[in-house]
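These notes are about the structure you will find just below.
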Amino acid sequence: MPLYRVVTVSTLVAQCHRSSSLLLSRTHQSLSCRFITLENPKHANQFKNEKLRTYIVQRYIQYVKGYTKVLENRFPRAMQMYRVFSVGIKDFLKDLKTYIGLRIKVAREQGFSNMSRKDIELYQKMPSDMLRIAPVLILSAIPFGNYVIFPLAFLKPRTLLCSHFWSIQQRSEFTTLELTERLRNNKPVFRALQAKLDSIADSDLKDKWARVIGLLGSGVHPSVLEILACKQLFAKEPYSLNHLTYTHTGHLLRMYGIRRGIFRVSKLKHKAFMLLQLDRAILREGGVNELSTESLRYACHLRGLNSSHLTNKDMRKWLEKWLSISQHVDKSTYSLLLHSPIFLAYNHPQNWMLIY
């Protein structure tokens with residue numbers, strides 16, 4: 001019996017020596033795990049439980065990813081609609097937050113002299129986007145209203161949604177459609193300018209203006225110098241904003257995509273003011289040569305030129321003409337700036353392609 005105990009103890013000692021050698025040959029991580037297992041059985045159980053939880057979570061994530069693919073295959077339209085609204089609302093709220101900050105900045109600084117071109121573009125664009133998306137947001141807050149308004153908005157994105165919810169293809173398509181609708185007002189505006197030619201009393205000024213009208217009617221554009229030579233016609237009668245006819249102001253508003261209604265002259269003055277601020281911001285930031293292709297296209301679109309097939313060089317050349325006019329515009333000659341799309345783009349081939 002004693003001999004049995006000695007053998008057992010010797011065996012245990014040998015096993016301990018072998019275990020010690022094995023422990024010393026392990027890495028630091030293995031040593032830690034062994035220590036926990038031998039000395040802290042509770043910690044060892046926690047460690048095993050944590051590994052089990054991690055495994056379960058990983059498997060759950062894989063299941064969810066797989067289930068998302070299943071949903072995409074079974075309900076592609078529903079998943080697409082979900083993505084449109086989830087991404088769109090994030091972009092809209094982000095721009096809305098920026099817009100509120102810009103409103104506060106403008107109120108404090110009493111102007112736009114310290115704002116970038118992109119900020120001014122956002123400041124100008126957000127009110128119309130907010131107005132367009134408002135019915136969808138309001139109706140979706142009504143119980144079960146989202147089940148009706150979201151599918152309807154998804155089917156009519158141009159009418160019920162703003163650009164934050166549009167795909168790249170939709171933005172290109174809707175932008176072209178919007179500009180086409182605007183360009184249809186160019187001819188009525190030109191006719192309204194042409195109709196008042198005989199009311200000009202100054203013969204010298206009348207001759208200069210008759211040449212401008214004649215060039216536009218013959219299919220070409222007048223030079224910047226020829227346009228500026230008639231500048232005073234837009235500071236008083238017959239072409240200042242306060243002397244335009246009701247029909248003339250209506251078409252001029254539509255030429256910029258602005259809804260007609262009351263306070264027409266005030267709307268036109270505000271539009272001219274914002275265009276002038278954008279022009280000054282472009283000059284502050286280094287001129288048209290610093291604009292990217294996307295910025296050039298948006299700038300041309302905003303000023304009434306279809307730039308979808310124009311090179312960067314052509315867009316810069318056209319914008320330089322616009323800026324040459326706007327640098328000579330002030331509050332009294334807002335009308336000249338607003339009529340510049342007629343002087344610079346009325347006969348442009350890219351615009352005629354959209355209309356005809």
Side-chain angles (χ1 to χ4, degrees), residues 116-122 124-125 163 166 168-187 189-190 193 211-231 234 252 254-257 271-272 274-329 336-356:
S116 67
R117 172 187 55 82
K118 289 185 178 180
D119 285 344
I120 298 176
E121 288 176 353
L122 178 64
Q124 182 182 11
K125 182 175 175 291
S163 59
W166 298 343
I168 296 175
Q169 181 180 357
Q170 287 175 331
R171 289 184 184 185
S172 176
E173 179 185 351
F174 297 160
T175 297
T176 302
L177 288 173
E178 183 222 354
L179 184 58
T180 303
E181 293 174 357
R182 288 168 50 193
L183 292 177
R184 296 191 187 282
N185 294 275
N186 282 8
K187 189 172 183 179
V189 171
F190 172 68
L193 292 172
R211 173 171 171 76
V212 171
I213 294 295
L215 289 172
L216 290 171
S218 62
V220 295
H221 296 111
S223 67
V224 172
L225 292 178
E226 288 173 323
I227 296 168
L228 292 176
C230 304
K231 174 183 172 181
F234 296 85
L252 197 58
R254 296 295 294 166
M255 199 171 78
Y256 285 97
K271 183 63 179 181
M274 295 305 302
L275 283 173
L276 196 58
Q277 297 306 315
L278 281 171
D279 293 343
R280 291 173 179 173
I282 291 174
L283 294 174
R284 280 199 307 270
E285 296 176 2
V288 296
N289 291 326
E290 299 299 320
L291 297 178
S292 65
T293 301
E294 184 180 354
S295 298
L296 285 169
R297 294 198 185 283
Y298 182 76
C300 291
H301 169 82
L302 196 64
R303 292 161 178 80
L305 175 66
N306 174 29
S307 59
S308 56
H309 295 89
L310 294 179
T311 63
N312 288 1
K313 182 179 179 180
D314 291 335
M315 289 187 286
R316 289 191 177 102
K317 185 177 180 180
W318 189 86
L319 284 173
E320 284 174 351
K321 291 182 180 180
W322 177 284
L323 293 175
S324 297
I325 295 175
S326 70
Q327 290 181 69
H328 295 84
V329 169
L336 176 64
L337 187 65
L338 291 175
H339 285 90
S340 291
I342 303 297
F343 306 140
L344 301 177
Y346 181 73
N347 294 308
H348 201 286
Q350 294 298 320
N351 283 356
W352 281 82
M353 282 175 55
L354 287 184
I355 303 174
Y356 303 106

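Heavy atoms only: backbone and side chains are in, while hydrogens, waters and symmetry mates are out.
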Donor-acceptor pair, distance only, cut-off 3.5 Å: does the side chain of [X] make one with the backbone of [Y]?
X	Y	value
Y256	L338	yes
S340	L336	yes
Q124	I120	no
W166	E173	no

Should we say atom NZ of K231 is surrounded by more than 12 heavy atoms from elsewhere, each under 6.0 Å from it?
yes
Flag side-chain contact, heavy atom, 4.5 Å: [X] against [Y]:
X	Y	answer
L216	L193	no
R182	H301	yes
N186	I355	no
P341	W322	yes
T176	S308	no

Taking all atoms of both residues into account, what is the closest heavy-atom pair of [X] and [Y], and its distance?
X	Y	answer
L276	S326	CD1-O, 3.5 Å
K125	Y298	CD-OH, 4.1 Å
A272	L337	O-CD2, 3.7 Å
I282	V288	CG2-N, 4.0 Å
S295	R117	OG-NH2, 3.3 Å

Can you measure from [atom1] ([X]) to [atom2] ([Y]) and round to the nearest 0.5 angstrom?
X	Y	atom1	atom2	value
H328	L323	NE2	CG	12.0 Å
E178	L354	CD	CG	11.5 Å
R184	K187	CZ	NZ	12.0 Å
L344	C300	CG	SG	11.0 Å
I342	I227	CD1	CD1	11.0 Å
L225	C230	CG	SG	11.5 Å

Residues L310, L305; criterion side chain to side chain contact (heavy atoms under 4.5 Å, CB included); working and verdict
CA-CA 10 Å; L310 294 179; L305 175 66; 3.8 Å; yes
Could you work out, with side chain to side chain contact (heavy atoms under 4.5 Å, CB included) as the rule, every residue matching R211, not counting sequence neighbours?
L215, E226
According to side chain to side chain donor-acceptor pair (under 3.5 Å), does anything in residues 347-356 pair up with another residue at least two apart or in another chain? List the pairs.
none
Do the rings of H339 and F234 sit parallel, tilted or perpendicular, given the 30° and 60° boundaries?
tilted
In this structure, which one of L179, T175, T180 forms a side-chain contact (heavy atoms from CB on, under 4.5 Å) with N306?
L179
Pairs satisfying salt bridge (charged side-chain N to carboxylate O under 4.0 Å, His left out), at least one member in residues 295-319, at least two apart:
D279-R303
